[in-house]
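To start, the structure under review is shown below, and the notes come after it.
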Amino acid sequence: MRAPTLRRLINVIGLVIALITTVAIPATYASISYMAQGDLISAEARLNASRVARYIYQHTAMWTFHKVRLIEVIELAVSDDEKVRQRIFAGDGRLVVEDGEALPTPTMKRSAPIIVSGKEVGRMEVEVSARPLIERTATVSLFSLCLGLLAYLSIRILPLRALDRTIRQLGQREDQLAATNQQFEAALTNMPHGLSMFDAQERLVLCNRRYAEMYGLPRDLIEPGTRRADIVAFREAAGIGIIGTTPVNQDADVDPCSGTMVLDNQHQNGRTVRISRKPMSTGGFVSSHEDITAIRHAETRIAHMAYHDALTELPNRVQFHQEMTRALTRTRQGESFSVLCLDLDHFKSVNDTLGHPMGDALLRAVAKRLQGCVRETDVVARLGGDEFAVVQASTNEPHIATGMAQRIIEALSAPYELDGHQIVIGVSVGIAVGPDDSEDADQLMKAADMALYRAKAEGRGTYRFFEAEMDAKMQARRALELDLRGALQNGEFEVHYQPLVNLAANKVSGFEALLRWTHPIRGRVSPANFIPLAEEIGAINQIGAWVLKQACADAAQWPDDVRVAVNLSAVQFKSQTLVLDVAAALGASGLSSRRLELEITESVMLQDTEATLGTLHQLRGLGVRISMDDFGTGYSSLSYLRKFPFDKIKIDQSFVRDLPDQADSVAIVRAVTGLGTSLGMSTTAEGVETQGQLDRLRAEGCTEVQGWLFSKACPAAEVAGLLTSVAKRCSAAA
Ligand SMILES: Nc1nc2c(ncn2[C@@H]2O[C@@H]3COP(=O)(O)O[C@H]4[C@@H](O)[C@H](n5cnc6c(=O)[nH]c(N)nc65)O[C@@H]4COP(=O)(O)O[C@H]3[C@H]2O)c(=O)[nH]1
C-alpha cells in the first residue's frame with residue numbers, strides 16, 4: 001500500500017476511534033443514567049402509590065381532602081436533600097396534592113397507579129430534574145472528548161510517526177541502494193573485462209559495456225532477456241566466432257570448490273579471450289571475459305626472445321646449443337655434422353667509426369647473407385656481438401663443410417651498401433666436426449672456437465678445421481695468460497731502450513722504450529707475443545702505466561736533449577685514465593713533457609675517432625710529442641695524417657728491409673720523407689740493419705733512424721754507455 005493511502009487510512013481510523021470514544025461514552029453514560037434515574041423515580045412513585053393506597057384504604061372517604069396527611073405520607077419516602085416534586089391525582093385525573101418546589105428544567109416524571117381494593121383510585125406522580133444528569137453527562141462527555149482526542153492523537157500521531165520513520169528508513173535504504181547500484185553500474189561499466197550473466201534458460205540477465213564492445217554487440221542484443229544463441233549467432237556472422245578452445249589448466253580447468261571454469265577461446269578475428277565461467281545457484285552462470293591477445297603475443301614474443309636474437313631474429317646461443325645436441329643425437333645413426341664458428345673481421349671499426357645503428361644494420365645484412373649460404377636443414381645462429389655460428393647437417397664428407405665455409409667467406413666479404421656507405425668486412429671461420437672432434441655440444445663449440453682463433457691468428461678472412469694440437473695451444477695460451485697477470489707484481493718486467501739517431505746531427509736524439517718480460521721458467525717472452533695477450537685480457541692499462549712511469553723516471557736521468565719514446569696501445573686509449581697516467585708519470589719523474597714522445601699505431605686511429613682525437617689533443621696539451629708508428633702498414637695511414645698533426649712519422653721496418661735496392665720500397669720511403677717535410681713532421685726509419693739501408697735513408701732525407709745497426713734495445717743502465725758508443729758509430733757510418 002502506498003504511503004499517502006496508508007496515511008489517509010490511519011487518519012480515518014484515528015478519527016473513527018476518537019469519535020467513538022467521544023460520543024459513545026457519554027451517550028452510554030447518559031442512557032444508562034437516564035434509565036437508572038427513571039427506574040428510581042418509578043420505584044419511588046410505586047412506593048408512594050402503595051403508601052398512599054394504604055392511607056386511602058384507612059380513610060376511604062374524603063381522602064382527597066386530607067392533603068396535609070397525604071403530603072406527610074409521601075414526604076416520608078423522600079430524603080430532605082432530594083429535589084423531588086410529587087403529585088397525587090385522583091381517579092378522575094384531578095390534582096389532589098402537589099408536594100415540592102418547581103424543578104429546574106428539563107425534568108423527568110414517572111407515575112404509578114394507586115390501587116385500593118383492586119381498584120385504581122388515583123395516580124402517584126414523581127418528578128425530578130434531569131439537569132444533574134445532564135451535567136454529569138456533560139462532564140463525562142468532556143472527559144470522553146479528552147479521551148477521544150487522546151485516542152485520536154495517539155492513533156494518528158504514533159503510527160504516522162512510525163510510518164514516517166519507516167518511510168524515511170525506506171528512503172535512506174533506497175538512496176543507499178541507488179548509490180550501491182550506481183557504484184555497481186560504474187564498476188561494471190568501467191571494468192576492463194567483459195561481464196555477462198545468463199539465467200537458467202540462457203537468457204541475458206545483464207552485461208557490461210566492455211562485453212558489448214568485445215563482441216561488437218548492437219544495443220538490441222544486450223537487452224536483458226536476449227537469447228544467448230542469438231548473441232552467438234551474431235558473433236559468428238560478424239567474424240568473432242570461436243574457432244578453438246583451450247582449458248587453461250589441462251586437468252584442472254574446473255575449480256572443484258567454486259565450479260569456475262577457465263577457458264581460452266581463440267576467435268576468428270585472431271583475438272584470444274579468457275573466459276571465467278561460474279555457475280549460479282539459480283541455474284544460470286556469470287562469466288568474465290578478458291581479452292588476453294596482447295598477453296599472448298607478449299608470451300609468444302618472450303618465448304621467441306628466449307631462443308632468438310632480437311637484432312637479427314636468428315636463433316640465439318641457447319637454441320644453437322639445443323640444435324647441436326639434437327645433431328649429436330642423430331650421429332648415433334652414423335650421421336656427421338659440422339659446427340662453423342664465425343667472427344667478423346673489422347666489424348668493430350665499422351661500429352666505432354660509423355656508429356652502432358650502422359653496426360646493427362650490418363649485422364642484419366650479414367645474417368641475411370648467411371641464411372642465403374645454408375640449406376633448410378642447417379641452422380644459422382647469432383651467438384652475440386659479431387659472432388655467428390652454423391650447424392651444418394649431414395657433412396659426412398669434409399669438402400661439404402669446406403664448401404660452406406668458402407661460400408660464407410665469399411658472401412660476407414662482398415661489399416655492403418648501407419645508408420649510402422660502402423662497407424667491406426671479412427669473416428674468419430673455425431670448423432669442428434661432430435662426433436669426430438667431440439660428442440659433447442660444449443666441447444664441440446670449444447673446438448670450433450679454437451679453430452676460429454687459429455683462422456684469425458693466421459691472417460683472417462679464412463677458415464680452419466679444428467686439430468687436436470690446437471687444444472694444446474689453447475691450454476698454453478691460458479697458462480701464459482695466467483703468468484702474465486702475475487708478472488707486474490712479481491717484478492718480471494723491465495724497460496729496455498733502443499737509440500734513435502738523428503742523421504743531421506749524427507748523435508742520439510732519444511731512445512724508444514721497449515718492454516721486456518723475463519719469466520722465471522719461460523725465460524724471455526717476446527712483446528709480440530704478450531702485448532696482444534695483455535691487450536686482450538685488459539692487463540695492458542696497468543702494464544702501460546707502469547712502462548710510462550718507468551720510462552719517464554729513467555729518461556729524467558739522461559741529458560736534457562735526449563728524448564724517450566713510449567709505445568701506447570689502442571686499448572689504453574679506451575681507458576679514461578690515459579691522460580692522467582701520462583701526467584702522473586711526468587709529474588712523478590720531473591721529466592719535461594717536451595722530452596716525452598708517445599708512439600701510436602693505426603689501430604688507435606681506427607677507434608671512435610672523436611674520442612681518440614680528443615685524447616690526443618689533451619696529450620698534446622700536456623706538451624708531449626705524438627708520433628705515428630708503423631706508418632704505411634695500415635690502409636688509411638695517409639688519411640690519419642690529415643686528422644691529427646703528428647710530430648713524427650715512423651716508417652715501418654718492412655719498407656726499410658728491402659732498401660737500398662728494392663725500387664718500391666725506395667719510392668715509399670721517398671714519398672713518406674717528402675710528406676713529412678711538407679707537413680712539418682720529422683721521419684724516423686725503423687729496423688735499420690745495414691750501412692746500405694742507412695745511406696739510402698740519409699739520401700732520401702730521413703730525419704732519424706733506429707735499428708740494430710746502431711744498437712739493440714738495452715737495459716737502462718747501459719744508456720749512458722750507448723750515448724757515447726752510438727755517437728762514435730754514427731760518425732764512422734756518416
Ligand atoms: N728485425 C729487427 N727488429 C728491430 C730492429 N730494430 C728494432 N727492432 C724491433 O722492432 C720493434 C720496434 O718496436 P715497435 O715497432 O714499436 O713494436 C713493438 C711494440 O709494438 C710492442 N711493444 C714493445 N714494448 C711495448 C710497450 O711498452 N707498450 C706497448 N704498447 N707496446 C710495446 O711490441 C713490438 C715488438 O717489440 P720488440 O720485440 O721489442 O721489437 C722492437 C724492436 O726490438 C732491427 O734492426 N731489426
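All figures in this text were calculated on a predicted structure; none of them were measured in a lab. As the structure lists them, so they are numbered: ligands from 1, and atoms in each ligand from 1. Only this structure's heavy atoms are used, side chains among them; waters, hydrogens and symmetry mates stay out.
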Check: His617 ring centre within less than 6.0 Å of Phe644 ring centre: yes

Atoms in ligand 1 flagged as close to Ser569, the criterion being non-hydrogen separation under 4.0 Å: 30 (N)

Flag for Gln443-Asp437: side-chain donor and acceptor within less than 3.5 Å: no

Heavy atom of the protein closest to atom 45 (O) of ligand 1 (residue, atom name, distance): Trp708 N, 2.9 Å

Close-contact set for ligand 1 against Glu689 heavy atoms, below 4.0 Å: 1 (N), 2 (C), 44 (C), 45 (O), 46 (N)

Neighbour count above 12 (heavy atom, 6.0 Å) for Gln576 CD: no

For atom 6 (N) of ligand 1, the protein heavy atom that lies nearest, with its residue and separation: Gln498 NE2, 2.9 Å

The one among Leu514, Thr601, Asn567 that brings a heavy atom closest to atom 31 (N) of ligand 1: Asn567

Atom indices of ligand 1, in the order listed, that fall short of 4.0 Å to a heavy atom of Pro527: 23 (C), 33 (O), 36 (O), 37 (P), 38 (O), 39 (O)

Atom 17 (O) of ligand 1: any protein heavy atom closer than 4.0 Å: no

Backbone N/O of Cys702 and side chain of Thr683: donor-acceptor pair under 3.5 Å: no

Ligand-residue contact atoms, ligand 1 with Glu686, heavy atoms, under 4.0 Å: 15 (O)

Residue and atom name of the nearest protein heavy atom (relative to atom 43 (O) of ligand 1), distance in Å to one decimal: Arg516 NH2, 3.7 Å

Interfacing atoms of ligand 1 (cut-off 4.0 Å, heavy-atom, Gly707): 6 (N), 45 (O)

4.0 Å heavy-atom contact, Glu512 with ligand 1: yes

Heavy-atom neighbours of Lys648 NZ exceed 12 at 6.0 Å: yes

Validation row: Leu344, Leu412 side chains within 4.5 angstrom (heavy atoms): yes

Val688: numbered ligand 1 atoms lying under 4.0 Å from its heavy atoms: 45 (O)

Nitrogen or oxygen of Gln572 less than 3.5 angstrom from that of ligand 1: no

Result of checking Arg595, Glu597, Arg594 against Arg625 for side chain to side chain contact (heavy atoms under 4.5 Å, CB included): Glu597

Heavy-atom nearest neighbour in the protein, as seen from atom 24 (N) of ligand 1, with distance rounded to 0.1 Å: Leu515 N, 3.1 Å

contact_flag Ala713 ligand 1 heavy-atom lt 4.0 Å: no

Lys650 near ligand 1 by a heavy-atom separation under 4.0 Å: no

Test of proximity, Gln706 against ligand 1: N or O pairs below 3.5 Å: no

Any protein heavy atom nearer than 4.0 Å to atom 27 (O) of ligand 1: yes

Aromatic ring pairing Tyr497/Phe511, orientation class (parallel under 30°, perpendicular over 60°, tilted between): perpendicular

Side chain proximity check, Leu342 to Ile408, heavy atoms < 4.5 angstrom: yes

Residues, nucleotides or ligands: over 12 heavy atoms within 6.0 Å of Glu410 CD: no

Ligand-side contact atoms (ligand 1) for residue partner Asp630, heavy atom cut-off under 4.0 Å: 15 (O)

Contacting atoms of ligand 1, where contact means under 4.0 angstrom from a heavy atom of Val547: 27 (O)

Heteroatom proximity flag, Gln653 to ligand 1, N/O under 3.5 Å: yes

More than 12 heavy atoms of other groups within 6.0 Å of Glu313 CD: yes

Arg620 bridged to Asp647 by N-O distance under 4.0 Å: yes

Ring centre gap for Phe646 and Phe631 strictly below 6.0 Å: no

